A.B. asks: 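Handing you this structure, nothing more for now.
Only a predicted model underlies this, so the values are computations on that prediction, with no experimental measurement involved.
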Amino acid sequence: MTDATELRRRTQELLRAHPVATTEPTDFLKARFDAGLAWVHYPVGLGGLDAPRSLQPVVDAELEAADAPGNDPRKIGIGLGMAAPTVLGYGTDEQKQRFLRPLWVGEEVWCQLFSEPGAGSDLAALATRAVRDEDSGDWIVNGQKVWTSSAHLARWAILIARTDPDVPKHRGITYFICDMTDPGVEVRPLRQITGEAEFNEVFLTDVRIPDAHRLGAVGDGWKVAQTTLNNERVAIGGARIPREGGMIGPIAQTWRERPELRTHDLHQRLLTLWVEAEVARLTGERLRQQLVAGHPGPEGAGMKLTFARLNQEISGLEVELLGDEGLLYSDWTMRRPDLVDFTGRDAGYRYLRSKGNSIEGGTSEVLLNIVAERVLGLPSEPRNDKDVAWKDLAR
Amino acid sequence: MTDLLYTETEDDLRSAVRSLLSDRADTPSLLARIESDTPYDPQLWKSLATEMGAAGLLVPEELGGQGATHREAAVVLEELGRSVAPVPYLTSAVIATETLLDLAGESADAAELVGALAAGRTVAVLAVPLSAAPGGPVPLTGLTGRVTGVADAAAAQVLLVPTADGLYAVGTSAPGVTVDALTPLDLTRPLAAVTFDGAAGTLLADAAASEAAVRRGLLAGAGLLASEQLGLAEWCLEETVRHTRERHQFNRPVGGFQSLKHRMAQLWLEVVSARAAARNAADALATGDPETALAVAVAQAYCGKVAVHAAEECIQLHGGIGMTWEHPAHLYLKRAKSDAIALGSAGHHRDAVAELVDLRAPAKSMSPRG
C-alpha cells in the first residue's frame with residue numbers, strides 16, 4: 001500500500017532527479033507521469049501508483065512547495081476529466097499507452113463530440129452516423145456536433161455516433177476516438193450571447209476512424225458515455241472555495257466600495273443572495289469533507305443546480321446595482337477565448353454567460369429529474385421511446 | 001474550517017432519540033396531548049432529559065452534565081424537529097442552560113441550578129418572548145411586570161428573569177408569579193404570559209453580566225434552532241416523497257409527474273443546504289469559533305425559510321389529506337412558521353450578517369438614486 005510518507009519520498013526523489021530550475025516544464029511533467037505521480041490513483045505505468053485518490057493532495061502540496069510546473073488543468077479539462085477516465089475504463093492496453101501520457105502532460109488537447117443540434121437533453125437520440133467500411137474495417141463518420149469547447153485546439157476528440165439505426169436509440173451507439181486533424185473535420189466558431197465564441201460547431205464529412213480507435217464494443221457506446229458523463233460531475237466540488245469566492249465576490253466588492261449605488265431594495269436582495277451563496281459554499285465544503293472521509297453523498301448532484309441559479313440571480317442583481325453603467329457592455333467583439341472564466345470581465349458578461357450555467361452539462365430541468373428519480377426514488381415519467389427503433393423516432 | 005459531518009457518537013445518539021420519540025410521540029398521541037391541559041409528557045421528558053442525559057449535553061461534567069457539545073445537542077434538536085414533540089428542550093436544555101453556564105463560574109446559585117437542569121430534575125426558561133433575537137436589546141421585565149410569548153413557561157419550575165438590576169431566578173409557583181397559558185399558533189410549543197407582582201427571586205448576576213449571559217443563551221438557541229428547522233424540513237420532504245410515491249391518480253403514482261418531482265427535488269436541495277448551514281452553526285458554537293455570530297446569523301437567515309417551504313409543500317403535495325387535523329402536516333407547518341419568528345426573523349439575522357461582513361445598508365440621508 002502506497003501511503004503519504006511513501007508518496008512524499010517519491011516526490012522528493014522526482015524533484016532531485018529532475019531539478020525544477022534546470023528542467024523543461026514538459027520534460028518535468030513527463031518524468032512526473034513516468035514516476036506515477038501524475039494521478040496517483042491510476043495504475044502503475046499509466047501515470048499512477050494504484051494509491052487512494054485522496055492522497056493526490058499530498059503529492060500536489062510537495063510539488064507546489066517546490067514551485068514545480070503544472071499541466072494547467074483549465075486548458076485540458078476535457079481530457080483530464082472526461083476522456084482519461086473513459087480511456088482508462090474501456091481502452092485497450094495500446095490505447096491507454098498511446099493516449100494517456102500526452103493527454104496528461106498537455107501535449108495533446110482533447111474535445112468532446114457528444115451534443116448535436118437535434119440531440120441535447122435527449123443525447124441518446126443523436127444522428128451522427130458511423131458506417132463500417134467493409135474493405136478496410138475503418139468507420140466512416142458523417143454528421144454535425146455542437147457546443148464543442150476547444151475543438152479548434154484539439155488533437156483528439158471523444159465521439160459518440162450511431163452505428164445501428166434499427167435498434168432502440170440507447171443500443172445503437174458506439175464510442176470512438178476521433179482524430180481532429182482528419183481532412184473531413186471542419187470546426188466553425190459558434191458565436192454566443194456574450195459576443196464571443198467559446199464553443200464550436202463541428203461538421204464531420206466522411207471522417208475516417210480506424211477500428212483500433214473504438215472504445216468499448218460496437219453498440220456499447222451509451223454505457224461507455226456514462227463513464228464520461230459521471231466523471232464530468234465528479235470533477236466539480238474538488239477544491240475548497242473561500243468565502244465570497246464565486247459570483248458573489250465582485251458584487252460584494254462593488255457594494256463596499258461604492259456607497260452611492262446602495263438602495264434599500266438592493267440591500268435586502270444582496271443580503272439574501274449573500275447568505276445563499278455562503279450556504280452553497282458550506283454545502284460544497286460539506287460535500288468535500290464527505291469525499292475526503294470516503295463517504296461521498298448524493299449531494300454532488302445538486303451543487304450544479306444551486307450554483308446555476310445563484311450565478312444568474314447574483315449577476316442579474318449586479319447589473320441592476322450598477323445602474324447607468326449596467327446599461328453598457330465592455331466589448332461585443334467576436335473572439336475565441338482559450339479559457340472560460342465565468343466571473344471574468346464585467347457584470348454584463350457575467351449576467352449573459354451565466355445564462356448558460358443552467359443549460360450546459362445537463363439542463364436544470366433534467367438535473368431535477370435526476371435528483372427526483374435517483375436520490376428521492378420518485379418514479380420516472382411514462383416513456384414512449386425506449387423500445388422504438390431509432391430510425392422510427394419522431395424528429 | 002468547521003467540521004460539517006456527523007461523528008459515529010452523534011449517529012448513535014440520533015438513533016436512540018429517534019427510537020424514543022417514535023415510541024412516545026407518535027401522531028395520535030401527539031394530537032391527543034396538544035389539546036389537553038397537559039401538552040407536555042413528563043414521562044417522555046424524563047426518558048429524554050434524565051435517562052438519556054440529553055438535558056445535560058451542554059453542561060460540563062463537573063457541573064453535573066454530560067460534557068458534550070452543541071454538536072450533539074443539535075442532533076437531538078434535529079430529531080425533535082422531526083417529531084415536533086412538545087418537550088422544553090430548546091428553551092431549558094439549550095437557552096436557559098447556556099445562559100446559566102455563562103454565570104456558573106461567578107454564582108454558586110447559577111452553578112447549582114444548571115446542575116439541576118442538566119439532570120433533568122428542573123426545567124427553567126428565560127422569561128423573554130420567544131421572538132427575542134440574540135443581537136437585539138434584551139427585553140427586560142421587573143419582578144413586578146409582565147412578559148408575554150414565553151415558550152414552555154408552563155412546563156418550567158424556574159423562570160430566569162432579566163431585569164434592570166440583573167438576572168433573577170424565580171420559582172413559577174412562588175407568590176406573586178402567575179403563568180397564563182396563551183393560545184399559540186404552534187400547539188407543540190406552548191406559550192404563556194407571565195405576570196410578576198412583587199415576586200421574590202434569587203439574584204444570579206448583575207445587569208452587565210446578565211445581559212452578556214442572556215445574549216449567549218439566545219445565540220446558542222438561535223444557532224441550534226437551525227437544526228430543529230433542518231429536522232422538521234427533512235421529515236416534511238420524506239413524508240411528501242413517501243406519500244406521492246403511493247398516491248395514485250390518473251392511473252399513475254402522482255410522484256411521477258414532473259411538476260411535482262421538480263418541487264420535491266428543489267426541496268431536497270434546500271434541505272441539503274440547510275444541513276450544511278445548521279452543522280456549521282453547531283460546530284462553531286461547539287468550538288467557540290471566532291466567527292460563531294456569523295455562522296449563527298447565516299444559519300438563521302437561511303433555515304427558517306427552508307422549514308416553512310418544506311411544510312407548505314408537504315401540505316400542498318398531500319392534497320386534501322394535508323388540510324385535515326388528523327394528518328400531522330399541520331403541526332409541522334405551525335411549528336415551522338413559529339420557528340421562523342422565534343429567536344429573530346430571517347430579516348433580523350440578515351441585518352446581523354450585513355454588519356458582520358461589512359455589507360452596510362444605504363446611509364439614511366442618502367435618497368434613492370434617480
Side-chain angles (χ1 to χ4, degrees), chain A residues 240 243-244 248 251-252 255-256 259-268 270-272 274-276 278-290 292-293 295 297-303 305-306 309 323-324 364-365 367-382, chain B residues 1-5 237-238 240-242 244-245 252-258 260-270 272-280 291 294-295 297-303 305-306 346-347 349-351 353-354 357-363 366-370:
Chain A
R240 179 172 276 175
R243 181 174 296 149
E244 294 189 9
I248 198 73
I251 188 175
W255 185 270
R256 291 183 186 114
E260 77 280 7
L261 296 175
R262 299 175 191 170
T263 70
H264 289 288
D265 165 59
L266 291 166
H267 191 226
Q268 287 308 312
L270 173 65
L271 289 174
T272 300
W274 192 94
V275 166
E276 288 187 28
E278 172 68 358
V279 173
R281 182 183 77 86
L282 293 167
T283 310
E285 172 60 20
R286 184 162 197 278
L287 176 67
R288 199 190 64 78
Q289 292 182 7
Q290 285 176 302
V292 170
H295 307 293
E299 286 85 349
M303 290 309 293
L305 279 161
T306 300
R309 182 181 60 79
D324 290 338
S364 290
E365 289 73 16
L367 292 179
L368 285 171
N369 281 347
I370 290 174
V371 167
E373 289 167 25
R374 297 194 197 157
V375 181
L376 298 179
L378 290 164
S380 52
E381 294 261 357
Chain B
M1 188 69 220
T2 45
D3 174 1
L4 303 173
L5 306 181
L237 173 59
E238 282 175 18
T240 307
V241 167
R242 195 183 59 74
T244 58
R245 284 170 66 174
R252 294 164 58 181
V254 294
F257 287 96
Q258 256 185 18
L260 274 60
K261 284 159 74 171
H262 284 191
R263 288 166 70 161
M264 287 182 269
Q266 184 58 46
L267 216 45
W268 178 80
L269 293 180
E270 291 175 28
V272 164
S273 302
R275 188 181 309 285
R279 285 317 276 169
N280 187 48
E291 293 199 317
L294 179 61
V298 165
Q300 272 306 303
Y302 186 79
C303 294
K305 193 173 65 176
V306 172
H349 290 284
R350 275 197 296 274
D351 288 347
V353 168
V357 302
D358 187 29
L359 292 169
R360 310 282 165 162
M366 204 169 289
S367 61
R369 122 189 129 206

A.B. asks: Under the ring pair (Phe, Tyr, Trp, His ring centres under 6.0 Å) rule, collect the residues that match up with B/His262, sequence neighbours excluded.
C.D. replies: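 None.
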A.B. asks: Under 4.5 Å from any heavy atom of chain A, what part of B/Leu5 do you find: side chain, backbone, both or neither?
C.D. replies: both
A.B. asks: Chain A heavy atoms under 4.5 Å from B/Leu294: which part of the residue, side chain, backbone, both or neither?
C.D. replies: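 The answer is the side chain of B/Leu294.
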A.B. asks: Please flag which part of B/Gln300 lies under 4.5 Å from any non-hydrogen atom of chain A: side chain, backbone, both or neither.
C.D. replies: neither
A.B. asks: Under a 4.5 Å cutoff for heavy-atom pairs, which residue among B/Pro253, B/Ala361, B/Ala299, B/Ala301 has the most contacts with chain A?
C.D. replies: B/Ala361
A.B. asks: Under a 4.5 Å cut-off applied to non-hydrogen side-chain atoms, are B/Pro362 and A/His267 in contact?
C.D. replies: yes
A.B. asks: Which answer fits B/Asp358, side chain, backbone, both or neither, if we ask what part of it has an atom under 4.5 Å from a heavy atom of chain A?
C.D. replies: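 Both parts, heavy atoms under 4.5 Å.
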A.B. asks: Find out whether A/Glu276 and B/Lys305 are in side-chain contact, i.e. whether some heavy atom of one side chain is under 4.5 Å from a heavy atom of the other.
C.D. replies: yes
A.B. asks: Any side-chain to backbone donor/acceptor pair from B/Gln258 onto A/Glu381? Under 3.5 Å, distance only.
C.D. replies: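 No, B/Gln258 side chain to A/Glu381 backbone: no donor-acceptor pair under 3.5 Å.
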A.B. asks: With a 4.5 angstrom heavy-atom cut-off, could you sort out which part of A/Ala252 is near chain B: side chain, backbone, both or neither?
C.D. replies: both
A.B. asks: Under a 4.5 Å heavy-atom cut-off, does chain B meet the side chain of A/Thr272, its backbone, both or neither?
C.D. replies: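 Both parts, heavy atoms under 4.5 Å.
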A.B. asks: Using side-chain heavy atoms (C-beta onward) and a distance below 4.5 Å, is B/Arg252 in contact with A/Pro379?
C.D. replies: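 Side-chain contact under 4.5 Å: no.
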A.B. asks: Does any backbone or side-chain atom of A/Gln290 lie under 4.5 Å from a heavy atom of chain B? Answer side chain, backbone, both or neither.
C.D. replies: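 It is both, since atoms from each part get that close.
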A.B. asks: Among all residues two or more places apart in sequence or in another chain, which pass the side chain to side chain contact (heavy atoms under 4.5 Å, CB included) test with A/Glu373?
C.D. replies: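 With sequence neighbours excluded, A/Glu373 shows a side chain to side chain contact (heavy atoms under 4.5 Å, CB included) to A/Asn369, A/Ser380, B/Lys261, given in chain and number order.
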A.B. asks: A side-chain contact here means heavy atoms from C-beta on lying under 4.5 Å apart; do B/Asp351 and A/Gln268 qualify?
C.D. replies: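 Yes, at least one pair of side-chain atoms sits under 4.5 Å.
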A.B. asks: Just so I understand: if I count every heavy-atom pair under 4.5 Å between each of B/His349, B/Met264, B/Arg360 and chain A, which residue has the most?
C.D. replies: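 Among B/His349, B/Met264, B/Arg360, the one with the most close pairs to chain A is B/Arg360.
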